[in-house]
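All values derive from a computational prediction rather than experimental measurement. The sequence lines fix the lettering, A, B, ..., with proteins before strands; numbering per chain opens at 1.
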Amino acid sequence: MDALLPLTGEDLARVVERLRNPKPGGKVEAATQFGVDVTLLIEQVKLSPADRARRMHSLAMAAESVRGAATKTKHEL
Amino acid sequence: MNFERLIQHLSDSGVEFVVIGGWAAIFHGSTHVTNDLDICYSRDKQNLRRLAGALAPFHPRPRGFPDGLPFVWDATTLANGTILTLTTDLGTLDLLAEVSGIGTYEEATAAKKSAGRPKDLLMLPELEGLLEASEDD
């Protein structure tokens, strides 16, 4: 299995270009029509795999924190 | 879920495993947030001992298991099951001994499709889009 490495240089530019301007009838276009926010994908692929995970982990923690606060408030009412 | 600490600890303990599921998708660029860590591990006896020893300090128990019901966590428990859905001090962890589709990203995407669960199907357009965008010329 190949190692998962950060995208750099021409590889990154190619991926970003394909996400920004999907080929007609392709999977990226289908994803866009499905409702996937491709701009978020572009931000993710610019990061290293480790930083992608750290970013999503941070978001998960923030969501958990908000959910905890909401639950606490609901119980106090 | 302290996934980074959990993965680091398993690696430092010499456990042979691969990250699968939602976190693997995130490594590839997915924006779906997941709360549990799924790993596929080697069934080699030595690896089972390492995995059992590595997780023991974090008090693994089957999710939904009644409080107070005795549960023995050791290599034998691991050897007796192929799917364990656990809660630990570091978060929820799913241990899978056998998963179809382990290997390439394409195979993993195909496995999600064949699983047919709504939560998997919802991720497919994004994963397939990322796959297409990442293909070599």
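- Of all non-hydrogen atoms in A:Leu41 and B:Gly29, the two that sit nearest each other are CD2-O, 3.7 Å.
- Remark: B:His32 NE2 to A:Leu59 CG distance equals 13.0 Å, nearest 0.5 Å.
- Cluster annotation: B:Phe58 and B:Leu51 are assigned to the same hydrophobic cluster (Ile/Leu/Val/Met/Phe/Trp/Tyr, side-chain heavy-atom contacts under 4.5 Å, transitive).
- A:Ala53 and B:Phe27 get closest at one heavy-atom pair: CB-CE2, 3.4 Å.
- In this structure the side chain of B:Asp136 reaches within 4.5 angstrom of the side chain of A:Arg14, judged on heavy atoms.
- Taking all atoms of both residues into account, the shortest heavy-atom contact from B:Ser30 to A:Met56 is O-CG, 4.2 Å.
- Heavy atoms of A:Val36 lying under 4.5 Å from chain B belong exclusively to its side chain.
- Taken together through direct or relayed side-chain contacts under 4.5 Å among Ile, Leu, Val, Met, Phe, Trp and Tyr, A:Leu40 and B:Ile26 form parts of separate hydrophobic clusters.
- Under the 4.0 Å criterion applied to side-chain N and carboxylate O atoms, B:Glu4 and A:Arg54 are assigned as salt-bridge partners.
- Within a 6.0 Å radius of CZ in B:Arg5, no more than 12 heavy atoms belonging to other residues, nucleotides or ligands are found.
- The aromatic rings of A:His57 and B:Trp23 sit tilted relative to each other, their planes meeting at an angle between 30° and 60°.
- Comparing A:Glu29, A:Glu17, A:Arg52, A:Gln44 by heavy-atom pairs within less than 4.5 Å of chain B, the highest count is held by A:Arg52.
- Listed for the B:Glu132 side chain is a donor-acceptor partner under 3.5 Å among the backbone atoms of A:Val28.
- Linking Ile, Leu, Val, Met, Phe, Trp and Tyr residues whenever their side-chain heavy atoms come within less than 4.5 Å places B:Leu86 and B:Ile7 in a single cluster.
- Looking at B:Leu122, the atoms closer than 4.5 Å to chain A (heavy atoms on both sides) sit in the backbone and in the side chain alike.
- Both B:Leu93 and B:Phe17 are assigned to one and the same hydrophobic cluster, defined by single-linkage of ILVMFWY side chains at heavy-atom distances under 4.5 Å.
- Transitive grouping of hydrophobic side chains (ILVMFWY, heavy atoms separated by less than 4.5 Å) keeps A:Leu47 and B:Leu127 in distinct clusters.
- Here the shortest heavy-atom pairing between B:Pro125 and A:Ala31 reads O-CB, 3.2 Å.
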